[in-house]
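Notes follow once the structure below has been shown.
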Amino acid sequence: MWKWLHPYAKPEASYKLCSTLTPWFMVIGILSLITGTIWGLLFAPADYQQGDSFRIIYIHVPAAIWSMGAYMSMAIAAFIGTVWQIKTSDWAAAAMAPVGAVFTFIALLTGAIWGKPMWGAWWVWDARLTSELILLFLYLGVIALYNAFDDHKTGGRAAGILAMVGVINLPIIHFSVEWWNTLHQGATITKFAKPSIAPEMLWPLLLNILGFALFFGGATLMGLRNHIIQRESHRPWVRKLVEEH
């Protein structure tokens with residue numbers, strides 16, 4: 001696996017890979033999101049308890065899942081950059097941070113909108129809500145550290161350390177509904193042996209989860225490509241690329 005990935009540690013090879021994969025990720029991701037959202041909002045049956053207000057699940061749940069998935073991906077990239085001193089990994093982590101922060105904000109916002117009719121309040125200091133808010137602060141901290149130093153290498157190391165340390169918050173978010181008495185319900189889509197969501201509601205949700213994942217991949221590749229161009233602007237291959245465009 002490492003032998004296959006090692007050539008892409010070179011910025012030029014990474015740039016070419018990003019350019020090749022970005023359109024595929026973005027097009028398929030956006031089509032998945034459009035299909036899943038329309039299916040969920042217009043054609044999925046209403047919930048027997050929550051009525052039509054449950055439909056925000058098609059945005060809230062994928063955003064919440066990938067707010068954590070993006071953070072784990074960022075931490076892994078930061079770990080690779082720290083241990084093996086691969087600068088493209090640091091740039092990849094920097095590209096993931098803003099996307100993950102947006103996903104986290106969407107999860108918090110849609111959660112508040114959903115919580116108002118269900119709980120009677122926009123916000124409560126629920127264990128999962130609080131730990132998800134901490135996740136947003138971690139993302140913002142990582143972004144701030146990446147841009148806080150004139151030396152990008154130093155900024156990348158500092159941000160990478162915070163990203164890796166912050167991983168401890170992910171199991172807290174995931175297991176908070178089991179460890180503490182919270183307003184959030186337990187697992188639904190992960191209980192495949194005994195599903196707690198009807199298939200006609202489940203499929204558009206899964207489609208949007210896929211769409212969020214692909215969009216995250218595409219946005220990360222776009223961000224990584226921009227970081228490569230900025231950091232390698234002095235290289236002959238970048239100058240040639242700029243002249244061609």
Side-chain angles (χ1 to χ4, degrees), residues 25-72 99-139 169-219:
F25 275 79
M26 295 302 288
V27 170
I28 299 174
I30 291 172
L31 288 176
S32 297
L33 287 171
I34 292 173
T35 304
T37 302
I38 293 175
W39 186 354
L41 295 182
L42 300 181
F43 299 104
D47 183 76
Y48 77 101
Q49 287 183 319
Q50 301 182 33
D52 286 326
S53 63
F54 97 99
R55 297 183 190 279
I56 203 167
I57 194 176
Y58 296 109
I59 303 298
H60 175 71
V61 170
I65 288 174
W66 284 107
S67 68
M68 294 185 288
Y71 195 94
M72 178 57 74
V99 187
V102 171
F103 282 4
T104 307
F105 177 78
I106 292 173
L108 289 167
L109 178 63
T110 53
I113 294 171
W114 195 4
K116 179 60 176 176
M118 293 300 103
W119 302 337
W122 295 102
W123 180 269
V124 292
W125 291 102
D126 175 271
R128 177 161 286 178
L129 285 174
T130 304
S131 53
E132 185 76 8
L133 180 61
I134 291 172
L135 183 66
L136 178 60
F137 291 151
L138 285 169
Y139 273 122
N169 190 47
L170 299 184
I172 295 174
I173 297 172
H174 182 73
F175 293 108
S176 58
V177 294
E178 299 176 16
W179 292 347
W180 296 286
N181 182 23
T182 73
L183 294 174
H184 272 85
Q185 66 186 51
T188 53
I189 62 172
T190 55
K191 299 186 335 185
F192 291 111
K194 190 178 181 181
S196 54
I197 181 171
E200 58 269 28
M201 297 177 177
L202 176 62
W203 285 111
L205 179 58
L206 293 177
L207 198 56
N208 266 13
I209 291 172
L210 174 64
F212 265 79
L214 292 172
F215 184 85
F216 166 68

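- Rounding to the nearest 0.5 Å gives a distance of 5.0 Å between CZ of F212 and CD1 of I59.
- The shortest heavy-atom contact between G211 and S32 is CA-CB, 3.7 Å.
- The heavy-atom pair separating M26 from A219 by the smallest distance is SD-N, 3.6 Å.
- L214 and G29 get closest at one heavy-atom pair: CB-CA, 3.6 Å.
- Judged by distance alone, the side chain of R128 and the main-chain N or O of I173 form a donor-acceptor pair under 3.5 Å.
- Scanning all heavy atoms of the two residues, the minimum distance from W123 to L129 falls at CH2-O, 3.5 Å.
- Separation of atoms CG (L170) and CG (L138) is listed at 8.5 Å; rounding is to 0.5 Å.
- In plain terms, the two heavy atoms of S131 and A127 that are nearest each other are OG-O, 2.9 Å.
- Considering only heavy atoms from C-beta on, P62 stays 4.5 Å or farther from Y58 through its side chain.
- Atoms CD1 and CE, from I57 and M201 in turn, are 8.5 Å apart once rounded to the nearest 0.5 Å.
- L205 contributes atom CG, which lies 6.5 Å from atom CG of L202 (distance to the nearest 0.5 angstrom).
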Result block: side-chain N/O donor-acceptor pairs under 3.5 angstrom for residues 33-45, not counting sequence neighbours:
residue	atom	partner	partner atom	Å
T35	OG1	L31	O	2.8
T37	OG1	L33	O	2.7
T37	OG1	N208	ND2	3.2

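- The shortest distance between side-chain heavy atoms of N169 and Y71 does not fall below 4.5 Å.
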Kindly list each side-chain donor-acceptor pair under 3.5 angstrom involving residues 103-110, sequence neighbours excluded, with atom names and distances?
residue	atom	partner	partner atom	Å
T104	OG1	G100	O	2.8
T110	OG1	H60	ND1	3.0
T110	OG1	I106	O	2.7
T110	OG1	A107	O	3.3

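- Between I209 and W66, some side-chain heavy-atom pair lies under the 4.5 Å cut-off.
- More than 12 heavy-atom neighbours from other residues, nucleotides or ligands sit within 6.0 angstrom of CZ on F54.
- Rounded to the nearest 0.5 angstrom, R55 CZ and Q50 CD are separated by 11.5 Å.
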Report the C-alpha separation of W119 and V124 in whole Å, then their side-chain angles, then the decisive distance to 0.1 Å, and conclude whether the side chain to side chain contact (heavy atoms under 4.5 Å, CB included) test is met.
-> CA-CA 9 Å; W119 302 337; V124 292; 4.1 Å; yes
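- Residues F216 and A70 come closest through the heavy atom pair CE1-CB, 3.5 Å.
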